[in-house]
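The structure appears right after this line, and notes come after that.
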Amino acid sequence: MTRATVLILAATLAGCARRSAPAVALAGDAQRGRLAVERYGCGACHVIPGATAANGRVGPMLVRFREQAMIAGHAPNTMENLVRWIRDPQSISPGTAMPNLGIDDATARDIAAYVYTLR
């Protein structure tokens, strides 16, 4: 195996590892995020495992969200982009049906941490 092949393989594997396990554990609290998902009524539009009455059919199912490459088809699936999406979805996808619910940064980080735990 050539040095270039090894470097390409290492870079590819590093990218896969990042997507399958986002570094969110220290960024937000998943338990608070689950409660916030219920408080903000996210289940009215999304199917969300573990959340009460979360069987909506307007938005996508949030199962295995951390494995998705993109958010709303417009932004790479990173913690910062997910927080931005939760706080101001129009800034990522103008005209989206996802409403701006006035969620603050800390709560958005908690919601993102929770969403990344969904299986």
Which heavy atom of [X] sits nearest to which heavy atom of [Y], and what is that distance?
X	Y	answer
Pro76	Asn81	O-ND2, 2.9 Å
Pro89	Pro99	CG-O, 3.5 Å
Ile103	Ala108	CG2-N, 3.6 Å
Met79	Ala113	CE-N, 4.4 Å

How long is the gap from [atom1] on [X] to [atom2] on [Y], to the nearest 0.5 Å?
X	Y	atom1	atom2	answer
Arg119	Arg66	CZ	CZ	4.5 Å
Trp85	Ser91	CH2	OG	8.5 Å
Gln31	Thr117	CD	OG1	9.5 Å

List the atom pairs, with distances to 0.1 Å, where a side-chain N or O of residues 44-57 and a protein N or O form a donor-acceptor pair under 3.5 Å, not counting sequence neighbours.
unit_1 : atom_1 : unit_2 : atom_2 : d
His46  : ND1    : Pro60  : O      : 2.7
Thr52  : OG1    : Glu38  : OE2    : 3.2

Go through the side-chain N and O atoms of Thr107 and Asp110 and say whether any donor and acceptor fall under 3.5 Å apart.
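Result is no, nothing qualifies.
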
Apply side chain to side chain contact (heavy atoms under 4.5 Å, CB included) to residues Asn77 and Met70 and explain how you reach the verdict.
CA-CA 5 Å; Asn77 187 1; Met70 303 293 287; 6.0 Å; no

In sequence, state the C-alpha distance, the side-chain angles, and the governing distance for Gln90 and Thr96, and then conclude on side chain to side chain contact (heavy atoms under 4.5 Å, CB included).
CA-CA 6 Å; Gln90 300 295 323; Thr96 184; 3.4 Å; yes

Between Asp105 and Arg109, is there a salt bridge with N-O shorter than 4.0 Å?
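Yes, charged N to carboxylate O under 4.0 Å.
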
Matching residue for Ile111 among Asp29, Leu35, Ile86 - test: side-chain contact (heavy atoms from CB on, under 4.5 Å):
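So, applying the side-chain contact (heavy atoms from CB on, under 4.5 Å) to Ile111 and each of Asp29, Leu35, Ile86, only Ile86 qualifies.
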
I'd like to know whether Arg87 forms a side chain to side chain contact (heavy atoms under 4.5 Å, CB included) with Asn100, so could you lay out the CA-CA distance, the side-chain angles of the two residues, the decisive distance to 0.1 Å, and finally the verdict.
CA-CA 6 Å; Arg87 294 195 70 207; Asn100 182 334; over 6 Å; no

Is there a side-chain contact between Val115 and Phe65 (heavy atoms, below 4.5 Å)?
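When only atoms from C-beta onward are counted, Phe65 and Val115 do touch, with a gap below 4.5 Å.
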
Single-linkage hydrophobic cluster Tyr40~Met61, side-chain heavy atoms < 4.5 angstrom
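Cluster IDs for Tyr40 and Met61 differ.
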
Can you list the residues that meet the salt bridge (charged side-chain N to carboxylate O under 4.0 Å, His left out) rule with Arg64, with sequence neighbours excluded?
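Arg64 satisfies salt bridge (charged side-chain N to carboxylate O under 4.0 Å, His left out) with Glu67 once adjacent residues are dropped.
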
